[in-house]
Amino acid sequence: MGNPLARAAGMVRGVVVVTGTDTDVGKTYATAALALAGYSAGRRRVAVYKPVQTGVVGDDSGDVDDVARLCAAAGLPGGALTTHEGQRLSEPMAPPPAADLDGVALLSLDDHAERIAALLHEHDLVLVEGSGGVLVELDGEGHNIADLTQIIRRAVDPHVHVVLVVRSGLGTLNHTLLSLEALCRRGVRVLGTVLGSWPADPQPLHETNRNYIRTIQAQDGTNIPLLGAVPQGWGAADGM
Ligand SMILES: Nc1ncnc2c1ncn2[C@@H]1O[C@H](COP(=O)(O)OP(=O)(O)OP(=O)(O)O)[C@@H](O)[C@H]1O
Ligand SMILES: [Mg+2]
């Protein structure tokens, strides 16, 4: 199993926040591929943190467990990766209603930042996988993953960047541009985009979308690089 995001290897260090244009776009797959990329560039201690994992009951497997399985299948040595969840909720929905239905309070962004700071103390790379898309509320106080990234920038890692995972099919250009605009408007630095699931038999639509996405520029006119594409079925040998 190769590393689809090898191009990003030298760029991932410190804290990297993985968000997406939507739920189910491949953030967890991209997170695993970024963990491998970082390891291959010498980040020997890698942590993955999921602030709020929804849709799990008891010891159901969550996204961080999927990252661990994907990384193990790709040959990441045991012990190189540690996985952490801030909080788990049973309903598969956005954190605020899921917390309401479970009758619990959500952790604050400061709580998450403290945990991420502790992880950064012990690791060379900390990957933080958000819930759903960019503007999904994480804390019940109206704050989202862009706000968490800004707290991390001020209090934990001044070089924190976001990776935006996007779809390859119809509709992705609008979702990608909207998400990038929301991130840029909030002053969040974007390391690049990732195509979360690249079809085995790409059609002209996928190719033209990819060509467009690799040319997108930030407000300052610099290119936002396409870091790579995770092939559909990557990790399938491990039953995912
Ligand atoms: N590269 C891929 N290869 C195979 N399947 C994929 C790939 N990317 C995404 N999928 C499929 O899409 C589903 C969602 O992917 P993934 O769990 O990575 O999305 P996500 O953005 O992390 O979702 P969530 O918002 O629930 O965290 C997977 O369960 C899998 O079925
Ligand atoms: Mg996920």
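Note that ligands are numbered from 1 as they come in the structure, with each ligand's atoms numbered from 1 the same way.
Listed for the Asp22 side chain is no donor-acceptor partner under 3.5 Å among the backbone atoms of Val25. For Arg214 (side chain) and Pro225 (main-chain N/O), no donor-acceptor pair under 3.5 Å exists by modelled atom type. Checking side-chain atoms of Glu137 against main-chain N and O of Gly142 turns up a donor-acceptor pair under 3.5 Å.
Arg44 forms a cation-pi arrangement with Tyr39, by the criterion of a distance under 6.0 Å to the ring centre and an angle within 45° of the ring axis.
Residues Asp139 and Ser108 share a closest heavy-atom pair of CB-CA, 4.5 Å. Taking both residues in full, the closest heavy atoms of Thr21 and Ser179 are given as CG2-OG, 3.6 Å, listed atom of the first, atom of the second, then distance.
Remark: distances from the non-hydrogen atoms of Gly20 to ligand 1 are all 4.0 Å or more. Taking a 4.0 Å cut-off on heavy atoms, Arg167 fails to register as neighbouring ligand 1.
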Would you check, one step at a time, whether the test side chain to side chain contact (heavy atoms under 4.5 Å, CB included) holds for His123 with Thr82?
CA-CA 9 Å; His123 298 82; Thr82 61; 2.7 Å; yes

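With ligand atoms numbered from 1 in the order given, ligand 1 contributes 22 (O), 27 (O) to contacts under 4.0 Å with heavy atoms of Glu129. Those atoms of ligand 1 that come under 4.0 Å of a heavy atom in Lys50, given as number and element, are 27 (O). Near Trp234, meaning under 4.0 Å from any of its heavy atoms, are these atoms of ligand 1: 3 (N). Those atoms of ligand 1 with a heavy atom of Lys27 less than 4.0 angstrom away are 18 (O), 19 (O), 20 (P), 21 (O), 22 (O), 23 (O), 24 (P), 25 (O), 27 (O). Near Pro231, the atoms of ligand 1 lying under 4.0 angstrom from a non-hydrogen atom of the residue are 1 (N), 2 (C), 3 (N).
More than 12 heavy atoms of other residues, nucleotides or ligands sit less than 6.0 Å from atom CG of Asn211. Crowding of Glu207 atom CD: a count of heavy atoms from other residues, nucleotides or ligands under 6.0 Å exceeding 12.
Between Asp24 and ligand 1, at least one N/O pair is under 3.5 Å apart. Geometrically, ligand 1 and Gly233 share a nitrogen or oxygen pair separated by less than 3.5 Å. Between Asp63 and ligand 1, at least one N/O pair is under 3.5 Å apart.
Contacts with ligand 1 closer than 4.0 Å are made by no heavy atom of Ala30, backbone or side chain. Residue contacts with ligand 1, taken as heavy atom pairs separated by less than 4.0 Å, do not involve Val165 at all.
No side-chain donor-acceptor contact under 3.5 Å links Thr222 and Gln217. Under 3.5 Å, the side chains of Thr149 and Arg189 contain no donor-acceptor pair of N or O atoms.
The CG atom of Asn209 sits 4.5 Å away from the CG atom of Leu205 when rounded to the nearest 0.5 Å.
Of all protein atoms, those that are N, O or S and lie under 2.8 Å from the Mg ion (ligand 2) total 3.
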